[in-house]
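Chain naming here is simple, since letters A, B, ... match the order of the sequence lines and numbering starts at 1 in each.
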Amino acid sequence: MMDPERVLEIANWSHQLTPDEFERARAGLNERAFPQGSTICEEGHAFDAWIGVVDGLVKLRSLSADGKDVSLSGIHAGGWFGEGTVLKGEKRQYDVVAVRDTTVALLDRDTFMWLFENSAAFSRFLVRQLNERVGFFIGLVENGRMLDPTARVARALASMMNPVLFPDVGHHLMITQEEIGLLAGLSRPIANQALKKLEQSEILRWEYGGVTVLDLEALQTYDR
DNA sequence: GCATTAACAGCCG
DNA sequence: CGGCTGTTAATGC
């Protein structure tokens with residue numbers, strides 16, 4: 001069973017649990033590693049666990065009618081997702097792919113449901129998270145209609161900097177231009193150009209293998 | 001036309 | 001050295 005210290009480290013939401021709830025959570029958690037490019041779970045499969053990214057980067061991907069790769073979102077360390085699928089006991093609506101070598105934590109469905117039914121703190125966390133997702137998906141719809149690559153990169157980055165969905169994220173994010181391209185649905189040269197534009201607007205600063213966001217508000221509302 | 005792919009040199013760790 | 005970055009030229013939708 002996982003070390004209690006480790007639980008606190010990888011699951012931000014576990015801090016608010018009562019000792020009894022915490023023990024339940026601890027018993028239901030497992031860690032697993034996935035190499036770059038591997039599929040953590042596929043669309044259409046029942047995957048009965050809530051997933052947290054411990055280390056690395058994961059994307060949610062769906063295939064459009066013509067078989068084109070459409071990324072929905074990037075999830076990095078500290079993010080938990082898939083609560084919709086677990087709650088409804090549904091099949092996955094999308095693939096989950098490791099963009100780079102990644103370690104995830106899995107909370108099995110029974111434990112998830114027990115916490116949901118019995119823990120006020122856990123329920124509060126979930127409501128907050130689901131609420132944040134609503135705004136997130138609204139942004140996604142807009143993103144689909146925006147053709148300007150710079151705006152798409154801005155949204156992709158902004159969605160990864162959300163302090164509710166990613167509690168430990170600061171203003172800095174470790175990500176390559178290649179990965180940004182994958183997440184925004186663009187090639188690397190275009191992602192590179194978009195980043196340069198955002199840098200010129202003083203919205204972010206590009207560093208080697210990462211970005212520092214200077215103006216999150218501007219990044220979230222960028223529209224041209 | 002604009003974006004993607006391929007390819008290159010240069011740079012960082 | 002290996003991976004990431006900035007850029008360009010050729011190619012495709």
Side-chain angles (χ1 to χ4, degrees), chain A residues 9-10 31-40 42-43 51-79 81 94-104 136-162 165-166 168-216 218-224:
Chain A
E9 208 177 304
I10 66 173
E31 280 188 72
R32 275 181 70 187
F34 290 87
Q36 176 177 41
S38 65
T39 301
I40 293 167
E42 279 175 40
E43 180 175 359
I51 306 173
V53 177
V54 174
D55 188 53
L57 180 64
V58 151
K59 71 170 174 177
L60 309 185
R61 178 190 63 187
S62 157
L63 297 177
S64 67
D66 53 351
K68 234 178 105 179
D69 197 293
V70 179
S71 283
L72 300 177
S73 170
I75 316 281
H76 54 89
F81 65 96
Y94 41 76
D95 298 326
V96 181
V97 181
V99 176
R100 56 174 179 249
D101 288 349
T102 296
T103 305
V104 298
F136 173 83
F137 278 107
I138 287 171
L140 209 67
V141 173
E142 287 171 0
N143 208 344
R145 291 178 185 158
M146 286 187 306
L147 294 177
D148 176 32
T150 310
R152 295 177 62 163
V153 166
R155 287 302 172 90
L157 287 174
S159 72
M160 297 183 73
M161 300 290 295
N162 181 317
L165 263 22
F166 304 106
D168 349 309
V169 78
H171 52 286
H172 189 257
L173 192 62
M174 294 294 292
I175 190 168
T176 66
Q177 298 188 350
E178 175 85 42
E179 288 163 351
I180 290 173
L182 285 171
L183 294 172
L186 302 163
S187 64
R188 188 169 67 74
I190 300 299
N192 175 276
Q193 282 177 26
L195 285 166
K196 275 205 314 208
K197 275 191 193 172
L198 292 171
E199 194 162 34
Q200 275 164 22
S201 312
E202 309 215 323
I203 291 172
L204 56 78
R205 187 159 1 99
W206 182 255
E207 284 129 27
Y208 191 82
V211 272
T212 297
V213 174
L214 305 173
D215 188 346
L216 182 56
L219 192 66
Q220 285 162 343
T221 58
Y222 191 94
D223 63 350
R224 196 189 53 77

Heavy-atom nearest pair, A/Ile180 first then A/Ala191, reads CG2-CB, 4.3 Å
Interatomic spacing from CD1 in A/Ile203 to CG in A/Leu195 - rounded to 0.5 Å: 11.0 Å
Of all residues at least two apart in sequence or in a different chain, which pass the salt bridge (Lys or Arg N to Asp or Glu O under 4.0 Å) check with A/Arg100? A/Glu179
What is the 5' to 3' range of DNA chain C, first to last nucleotide, that sits under 4.0 Å from any heavy atom of chain A? C/dG3 to C/dT7
Any residue in residues 187-201 of chain A with a heavy atom nearer than 4.0 angstrom to DNA chain B? Just list them by number, or reply none. A/Ser187, A/Arg188, A/Pro189, A/Ile190
Are the side chain of A/Asp101 and the backbone N or O of A/Gln36 linked by a donor-acceptor pair below 3.5 Å? yes
Which pairs, protein N/O on one side and nucleotides 10-13 of chain B N/O on the other, fall under 3.5 Å?
none

Looking only at heavy atoms, what is the nearest atom pair of A/Gly74 and A/Phe166, with distance? O-CZ, 3.7 Å
Do A/His76 and A/Ile175 have side chains that get closer than 4.5 Å, going by heavy atoms? no
Hey, could you give me each pair passing salt bridge (charged side-chain N to carboxylate O under 4.0 Å, His left out) that has a residue in residues 189-215 of chain A? Not counting sequence neighbours. A/Arg205-A/Glu207
Can you name the salt bridge (Lys or Arg N to Asp or Glu O under 4.0 Å) partners of A/Glu178, sequence neighbours left out? none
Spacing of A/Thr212 atom OG1 and A/His172 atom NE2 [to the nearest 0.5 Å]: 4.0 Å
Answer whether the closest heavy-atom distance between the side chains of A/Leu173 and A/Val213 falls below 4.5 Å. no
